[in-house]
Amino acid sequence: MNITSAQYVQDENGNNNSINAVIDEKAMFVPLDPANRHYAEILRQVAAGTLTIADAD
Amino acid sequence: MSKDKLTDYDATASNNTDVGGISVAEGMLPSGVNNAIREQMSHLKDFASGTTGIDVLSLADDDASHAIKLQAPSAVTADTTFTLPDGDGASGQTMITDGAGTLAWAAPYGNRNLIINGAMQVAQRGTSVTELGATDGYFTLDRFKVAFGAASAGRFTMSQSTVTDLAGFSNALKLDCTTIDTSIAAGELFVLQHVLEGFNLQRLKASSTSTQAFTLSFYAKSNASRAIATEFEFTNGTNRQISKLHTIGTSWARYTMTVPAASSTQIDDDNSAELTMSFWLHAGNTYTSGTINDDALAPTTSANRAPGIGSLFASTDNTLEITGVQLEVGSGPATPFEHPRSYGDELIRCQRYFEGGTRANSSHTGNAGAIWTQKNDSSSRSFPQMNAEYKVFKRATPTVTIESGQDGTANSISGYSSGTNYTVTSIQSPSPSYVCSYFQTTGGLPDQITVGYYTADAEL
């Protein structure tokens, strides 16, 4: 899974609720659910130090 | 008539005047007694060995007042030997045949295939993708993914092919090598996988720490004789991995793999990936240098996962087609492929993991995806939004991709009448059942219908 960017997205209350990521050259909204395979991979790459999740705008 | 076998004997004693042509009538020669006994013993031996039979096997009750009788049909066209199973089956199991006379106990037919989309009918993402080989993922047929190890030069096309020469099937998953890789690095691998969810696997359990036997079956053919391996690997537990080699021929044939009952196994009762079934099609030394583990579930040893396989990437002539994939409880023989009740049923099963695939209509030139429409009646909202309830409750909260609005502009939805595109900036309150998108506009939207296409991915 080639993840080239990741940035938190916030809800109306200012809480992070998903990640706007570009995965395999496609923009996706990835929920913060450990059972979601994209989120699990993002966490794995963050732990490996190969990916950083940017703060929400 | 000479009485040469048990069925020639007469129920009226006085009518039995010979045994195999040796007279036992009144006034017989004394020497005929031992000869008649010997002849009769040979008849019993023929009966015991199955050389000669009987018309009816009668099993009387205790007082011999009634009997259960087993009988062949009045006309039998060919000798048939039925071999019984070794012992009783589990409660509720039925007896099945492998078509060659071997009988076995198996779970009753119906809802027994654990594989989703085994007949390769559902392809929500599309029917053909070229130049695959660099990135893992789901590309064509639902529930079947491809995965790779170290970078390989090999590339292939994955498609839903049309089947015309296999009764009962119209589709197959086809892999067609387009770029070869004959310099195989140790860590390379290419596998076709089907990942199974824990909730669906509980029937495999014998206890909380052991599993029953289960059997895989599938149909396959290739452009030439091809060695592949099938593998099962549980996510958890001590004994978790087993493989089997198959030599695929050039005509459709059915291949099977039975995984024996095992201890020290673990299948969690949840929505996580608990079992991965893999077809090994290409691998480097890391996975082929040992001895294939085809005896029993055991701790995973990389070198024992795929020894003996060939490489689909060896030639651009190479193709492989697979369909009729079935996984069922029991030690075999495999039962006939269980087709879904309908295409619609199979689609719904697939949509627990992925939703999309609405075909583009005449006014939609963008990517295929599930369609959502909504009339925005709150033009003054600072956060215009569009909502959709998924067709099927998802396995987990899905990843949402905004495929396009009407004209194909990515990450947008569009006004139906105006055609204006609005960029989707976020999704709100994501859940397994519902998606709400916020989109960018200035001063809210006019009172109009908005249209967009999305996909929701909750695959394992």
Side-chain angles (χ1 to χ4, degrees), chain A, chain B residues 125 129 132 134-139 145 147-148 151 195 197-199 268 270-273 353-354 367 369 381-383 385 394-404 409-412 423-440 454-460:
Chain A
M1 203 177 288
N2 183 24
I3 304 173
T4 49
S5 72
Q7 182 180 26
Y8 281 112
V9 176
Q10 294 184 334
D11 62 19
E12 287 179 290
N13 299 317
N15 300 314
N16 292 338
N17 77 349
S18 60
I19 295 171
N20 190 353
V22 176
I23 302 176
D24 298 333
E25 301 180 355
K26 200 158 193 175
M28 303 178 181
F29 291 105
V30 179
L32 310 182
D33 179 353
N36 179 290
R37 67 189 176 106
H38 295 115
Y39 184 58
E41 179 63 17
I42 288 172
L43 292 182
R44 190 193 69 77
Q45 293 193 18
V46 168
T50 56
L51 180 70
T52 301
I53 307 173
D55 292 335
D57 289 333
Chain B
R125 297 170 180 83
V129 177
L132 294 175
T135 306
D136 298 2
Y138 295 84
F139 296 99
K145 67 181 288 191
F148 312 96
V195 186
E197 177 181 351
F199 282 140
D268 292 344
D270 59 26
N271 66 346
S272 64
Y353 303 90
F354 181 82
N367 295 322
R381 276 185 65 92
S382 58
F383 294 99
Q385 61 181 257
K394 295 290 176 284
R395 179 194 65 83
T397 305
T399 296
V400 174
T401 300
I402 310 300
E403 294 290 349
S404 74
T409 301
N411 205 31
S412 297
T423 301
V424 174
T425 55
S426 66
I427 58 172
Q428 298 294 310
S429 306
S431 82
S433 64
Y434 169 84
V435 62
C436 168
S437 73
Y438 279 16
F439 47 95
Q440 204 171 46
Y454 69 91
T455 59
D457 185 335
E459 278 289 1
L460 288 161

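In what follows, chains are A, B, ... by sequence order, proteins preceding strands, each numbered from 1. On a predicted model such as this, the values are computed, not experimentally measured, just so you know.
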For chain A, which of B/T135, B/N411, B/D136, B/D457 has the most heavy-atom pairs under 4.5 Å? B/D457
Under 4.5 Å from a heavy atom of chain A, the part of B/P432 involved: neither
Minimum heavy-atom separation for B/Q428 and A/Q10, please, with both atom names. NE2-O, 3.4 Å
Minimum heavy-atom separation for B/E459 to A/R37, with atom names? O-CD, 3.1 Å
Would the distance check show the side chain of B/R395 and the main-chain N or O of A/A35 forming a donor-acceptor pair, the cut-off being under 3.5 Å? yes
Donor-acceptor pair, A/D33 side chain versus B/A396 backbone, under 3.5 Å? no
At their closest point, which heavy atom of B/S429 faces which heavy atom of A/N17, and how far apart are they? N-ND2, 3.4 Å
When A/D24, A/N20, A/N2 are compared by non-hydrogen pairs under 4.5 Å with chain B, the top option: A/D24
Honestly, the part of A/D11 sitting under 4.5 Å from a heavy atom of chain B is both
Within a radius of less than 6.0 Å around CG of A/N15, do more than 12 heavy atoms belonging to other residues, nucleotides or ligands occur? yes
Let me know if B/I427 has heavy atoms under 4.5 Å from chain A in its side chain, its backbone, both or neither. both
Under the side chain to side chain contact (heavy atoms under 4.5 Å, CB included) test against A/F29, which residue among B/T401, B/V424, B/T399 passes? B/V424
